[in-house]
Amino acid sequence: MALVPCQVLRVAILLSYCSILCNYKAIEMPSHQTYGGSWKFLTFIDLVIQAVFFGICVLTDLSSLLTRGSGNQEQERQLKKLISLRDWMLAVLAFPVGVFVVAVFWIIYAYDREMIYPKLLDNFIPGWLNHGMHTTVLPFILIEMRTSHHQYPSRSSGLTAICTFSVGYILWVCWVHHVTGMWVYPFLEHIGPGARIIFFGSTTILMNFLYLLGEVLNNYIWDTHRKPPSWQLMYVGPSS
């Protein structure tokens, strides 16, 4: 039996993301005042994605609780739409973008932190907030995948969606550079145009790989040929 029901975990995770976002937006950093504000950074976009996703999860749980046993077919149809949106967001955005942010940030940070997170930022962002933005995202999303089954969209539509997101963000970064003359991430200043194209292409490929990884992981965890543990049957409920 689970020590904490998954519905309670979702509420706790949602509140933690709200706290992280509020604390981050309260920081008076020069980059927040320039063109694009916080929306220039994939880390911030990912935090918003995660907060919206877990907000939908909590809303789904509440709707499931209110709908259970009511026999109202319209409410049940609306609940199914909400569950479909929740599952789509995890598959296409929450998992691949979240894992990408954590993996790429810490890999570049370990190589040379000045390329992605200069020491100057330590004067503005406390350590706990840095880990809230770049570390806890991974265990939070893995907890969600482990406690609730999610129906992935067709592979073609899922890959199309994540490609659209990736290319859209790359174009946004290029546009910010076009307007301001500065790259969002310091390491882009130190590589040539050809290397940037290779980097942007590689990130798109990595996003697609992470989408497929999430699909494989979800299928492995929720193998239909295996009987789910009793605690999952007790706490996941019809909304999962």
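What you are looking at is a predicted structure, and each value in this text was computed from that prediction instead of being measured.
Arg86 contributes atom CZ, which lies 9.0 Å from atom CG of Leu79 (distance to the nearest 0.5 angstrom). In this structure, CG in Leu82 is found 10.0 Å from OG in Ser64, a value given to the nearest 0.5 Å. Taken from OG1 in Thr180 to OH in Tyr35, the straight-line distance is 9.0 Å, to the nearest 0.5 Å. Atom OG in Ser148 sits 10.5 Å away from atom CG in Asn218 (nearest 0.5 Å). One finds the CD1 atom of Ile170 at 3.5 Å from the OG1 atom of Thr204 (value rounded to the nearest 0.5 Å). Taking CZ from Arg10 and CG from Leu62, the interatomic distance works out to 10.5 Å, rounded to the nearest 0.5 Å.
Aromatic pair Trp106/His131: ring centres closer than 6.0 Å.
Under 4.0 Å is where a charged nitrogen must lie from a carboxylate oxygen, and between Lys80 and Asp87 no such pair does. A salt bridge is absent between Lys119 and Glu114; no separation between the charged side-chain nitrogens and carboxylate oxygens falls under 4.0 Å.
Val58 has its side chain out of reach of Phe53: every pair of non-hydrogen atoms, C-beta onward, lies at least 4.5 Å apart. In this structure, Ser166 and Thr203 have side chains that are not in contact, with every pair of non-hydrogen atoms separated by 4.5 Å or more. Put simply, the side chain of Ser19 reaches to within 4.5 Å of the side chain of Asn23, judged on heavy atoms. No side-chain heavy atom of Val137 sits less than 4.5 Å from a side-chain heavy atom of Val101. Within the 4.5 Å cutoff, side-chain heavy atoms of Val97 are placed close to those of Met207. Contact annotation: the side chain of Thr34 never approaches that of Met182 to less than 4.5 Å [non-hydrogen atoms, C-beta and beyond]. Two residues are said to be in side-chain contact when any heavy atoms from C-beta on lie closer than 4.5 Å; Phe54 and Ser16 fail this criterion. At a threshold of 4.5 Å between non-hydrogen side-chain atoms, the residues Ile27 and Leu129 count as touching.
The nearest pair of heavy atoms linking Tyr152 to Gly214 is OH-C, 3.1 Å. Counting all heavy atoms, side chain and backbone alike, Ala94 lies closest to Ile141 at CB-CD1, 3.7 Å. Closest non-hydrogen pair, Gly132 versus Thr136, comes out as O-OG1, 3.2 Å. Between Ala161 and Trp88 the shortest heavy-atom distance is CB-CZ2, 4.0 Å. In this structure, Pro153 and Ala91 approach most closely via the heavy-atom pair CD-CB, 3.7 Å. Nearest heavy-atom pair, Ser156 versus Thr160, reported as atom, atom and distance to 0.1 Å: O-OG1, 2.7 Å.
A donor-acceptor pair shorter than 3.5 Å cannot be found between the side chains of Asn219 and Glu215. Between the side chains of Ser157 and Ser154, at least one donor N or O lies within less than 3.5 Å of an accepting N or O.
Around the CZ atom of Phe124, the shell of radius 6.0 Å holds more than 12 heavy atoms that belong to other residues, nucleotides or ligands. Environment of CE in Met115: crowded, with over 12 heavy atoms of neighbouring residues, nucleotides or ligands closer than 6.0 Å. A 6.0 Å sphere centred on CH2 of Trp128 holds more than 12 heavy atoms belonging to other residues, nucleotides or ligands.
Note on Leu213: it does not cluster hydrophobically with Ile205, by side-chain heavy-atom contacts below 4.5 Å among ILVMFWY residues. Residue Phe200 is not grouped with residue Val167 when hydrophobic side chains (ILVMFWY) are merged at heavy-atom distances under 4.5 angstrom, including chains of intermediate members. Hydrophobic clustering keeps Ile198 apart from Ile116 (ILVMFWY residues linked when any side-chain heavy atoms are closer than 4.5 Å, directly or through intermediates). Connection of Val216 to Leu93 is not established within any shared hydrophobic cluster, with ILVMFWY side chains joined at heavy-atom distances below 4.5 Å, either directly or through further cluster members. The hydrophobic cluster containing Val184 does not contain Ile197, counting ILVMFWY residues as joined when their side-chain heavy atoms lie under 4.5 angstrom apart, directly or transitively.
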Next item on the list: Give the C-alpha distance, both sets of side-chain angles, the deciding distance and a yes or no for side-chain contact (heavy atoms from CB on, under 4.5 Å) between Met133 and Ile125.
Entry: CA-CA 10 Å; Met133 297 187 298; Ile125 303 176; 4.0 Å; yes

Next item on the list: Before giving the answer on ring pair (Phe, Tyr, Trp, His ring centres under 6.0 Å), spell out for Tyr211 and Phe95 the whole-Å C-alpha distance, their side-chain angles and the decisive distance to 0.1 Å.
Entry: CA-CA 7 Å; Tyr211 172 87; Phe95 182 86; 9.1 Å; no

Checklist line | Worked check of side-chain contact (heavy atoms from CB on, under 4.5 Å) between Tyr24 and Met29 | finding: CA-CA 10 Å; Tyr24 179 75; Met29 288 197 303; 4.2 Å; yes

Next item on the list: Report the C-alpha separation of Ile20 and Leu47 in whole Å, then their side-chain angles, then the decisive distance to 0.1 Å, and conclude whether the side-chain contact (heavy atoms from CB on, under 4.5 Å) test is met.
Entry: CA-CA 8 Å; Ile20 291 169; Leu47 288 175; 3.9 Å; yes

Notebook entry, point to check: How far apart are the C-alpha atoms of Arg155 and Leu212, what are their side-chain angles, what is the distance that settles it, and do they pass the side-chain contact (heavy atoms from CB on, under 4.5 Å) test?
Noted result: CA-CA 8 Å; Arg155 183 168 294 179; Leu212 296 174; 3.7 Å; yes

Next item on the list: Report the C-alpha distance between Phe100 and Phe105 in whole Å, list the side-chain angles of each, state the deciding distance to 0.1 Å, and finish with yes or no for ring pair (Phe, Tyr, Trp, His ring centres under 6.0 Å).
Entry: CA-CA 8 Å; Phe100 179 89; Phe105 175 84; over 10 Å; no

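The one candidate from Trp172, Phe44, Trp175 that meets the ring pair (Phe, Tyr, Trp, His ring centres under 6.0 Å) condition with Trp39 is Phe44.
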Distance-only criterion, 3.5 Å: show the donor-acceptor pairs between side-chain atoms of residues 185-192 and protein atoms not counting sequence neighbours.
| from | atom 1 | to | atom 2 | distance (Å) |
| --- | --- | --- | --- | --- |
| Tyr185 | OH | Leu42 | N | 2.8 |
| Tyr185 | OH | Tyr169 | OH | 2.6 |
| Glu189 | OE2 | Trp183 | N | 2.9 |

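Judged by distance alone, with hydrogens and angles left aside, the side-chain atoms of His178 form no donor-acceptor pair with the main-chain N or O of Cys174 at under 3.5 Å. Between the side chain of Lys40 and the backbone N or O of Gly37 there is at least one donor-acceptor pair closer than 3.5 Å.
In this view, Asp112 satisfies the salt bridge (charged side-chain N to carboxylate O under 4.0 Å, His left out) rule with no residue, not counting sequence neighbours.
Ring pair Tyr109/Tyr117 is tilted by interplanar angle, where 30° to 60° counts as tilted.
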